Amino acid sequence: APGEHVADRSATVLRVTGVSAAYGSRTVVNDVTFSLRKGETLGLVGESGSGKTTVARLVLGLHEPTQGEIHLHGRRWSGVRERERRPLRSRIQLISQNPLDSFDPRHTVGRLIAEPLRDLPKTDRAARVAELLERVGLPPELASRRPRELSGGQRQRVAIARALGPRPDVLVCDEPVSALDVSVQAQVLDLLADIQAAEGTALLFISHDLGVVHHLCDRVLVMKDGRVVEEGEVDEVFHRPRHPYTVNLV
Ligand code: ADP
C-alpha cells in the first residue's frame with residue numbers, strides 16, 4: 001500500500017489508512033494513506049486548497065473522516081469517543097502559522113507554557129517551564145512577558161516550548177515559519193530539526209515551500225485536489241518527480 005515503506009511496524013506512531021474527509025457534502029480529502037515513524041519528518045506539500053490543513057485537523061483528532069481510519073500508537077484515534085481519545089491527546093501537538101491566535105494575549109509566556117503541564121506537581125512546573133524556554137533558545141526572564149511584547153520568531157519558539165511540554169511523539173507543523181522573516185525562518189527550522197533529532201519526535205511538516213521541505217524532511221507526500229499524487233524519499237521526489245503535477249511544482 002502507499003505509505004507502507006515501514007519495515008519496523010512497532011516504530012510507527014501514526015497511521016492514516018484510506019482516509020477521506022468532507023465539509024458538508026464536499027469531499028476535500030480523498031483516500032489518503034500514509035504512516036509516520038518515530039523520529040521521522042514527513043513533508044506534506046501541495047498548493048493552497050489541496051487539503052493539507054484538513055489532513056492536519058484529521059490527525060489531530062479535530063475532524064472526523066468520512067472513510068478510512070487513523071491509528072495513534074496502534075490505537076484507534078478516529079471514530080472513537082472523545083473520552084477514549086483524551087488519554088492520547090497530549091501525544092500529538094500542533095504548531096501553527098500564527099500561534100498567537102490560540103493564545104490568550106493577557107497570559108504571560110510562563111503561564112502559556114505551563115498550561116499543558118497540569119499533570120505535574122505545581123512545584124515542578126516552574127522548573128519545567130525554565131527548562132522548556134532554554135530548550136527553545138529563549139532566556140528565562142521571558143517567562144514574565146506577554147506574547148505581544150515578543151518578536152514573531154520568539155513567539156514561534158514559545159509555541160514550540162508549549163507544544164513540547166507534554167513530551168509529544170508527534171508534532172504537526174502547519175506552515176510553522178510562513179509568517180516569519182526569511183532569516184528567522186532558518187533558525188526556527190533548525191530548532192525543529194534539532195528537536196526531532198534529539199527527542200525522536202516525529203514531525204508532520206506542512207508547507208507550500210518546497211525548498212524548506214527538501215531541507216528538513218525525510219519523505220514527502222504531494223497533494224493535489226485532496227489526493228496524494230506522489231510520495232517518496234525527499235531527494236527522489238525532488239530529483240525525479242514522476243507525476244506531472246510534481247514536475248510542475250518542482
Ligand atoms: P490547504 O491547507 O492545502 O490550503 P485545506 O485543507 O485548508 O487546504 O482546504 C481544502 C479545501 O477545503 C479547500 O477547498 C477549502 O476551501 C475547503 N475548506 C477548508 N476548511 C473548510 C471549512 N471549515 N468549511 C468548508 N470548506 C473548507
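These numbers come from a predicted model, not from an experiment. Whatever order the structure lists them in is the order used to number ligands and atoms, beginning at 1.
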Heavy-atom proximity to atom 3 (O) of ligand 1 ranks first, among Lys52, Lys224, Arg26, His208, for Lys52

Ligand 1 atoms in contact with Thr53 (distance to a heavy atom under 4.0 Å): 1 (P), 2 (O), 6 (O), 7 (O)

With heavy atoms under 4.0 Å as the rule, classify the contact between Val28 and ligand 1 as side chain, backbone, both or neither. side chain

Indicate, as side chain, backbone, both or neither, the part of Met223 found under 4.0 angstrom from ligand 1 when only non-hydrogen atoms are considered. neither

Give the residue, atom name and distance (to 0.1 Å) of the protein heavy atom nearest [atom].
| atom | value |
| --- | --- |
| atom 5 (P) of ligand 1 | Thr54 OG1, 3.7 Å |
| atom 27 (C) of ligand 1 | Tyr23 CD1, 3.2 Å |
| atom 1 (P) of ligand 1 | Gly49 N, 3.4 Å |
| atom 8 (O) of ligand 1 | Gly51 N, 3.1 Å |

Heavy atoms from other residues, nucleotides or ligands near CD of Glu236 exceed 12 (cutoff 6.0 Å): yes

Within a reach of under 6.0 Å around NE2 of His107, are more than 12 heavy atoms found that belong to other residues, nucleotides or ligands? yes

Using 30° and 60° as the class boundaries, would you call the ring planes of His214 and Phe238 parallel, tilted or perpendicular? parallel

Could Asp104 and Arg106 be called an ion pair, given the rule that one side-chain N must be under 4.0 Å from one carboxylate O? yes

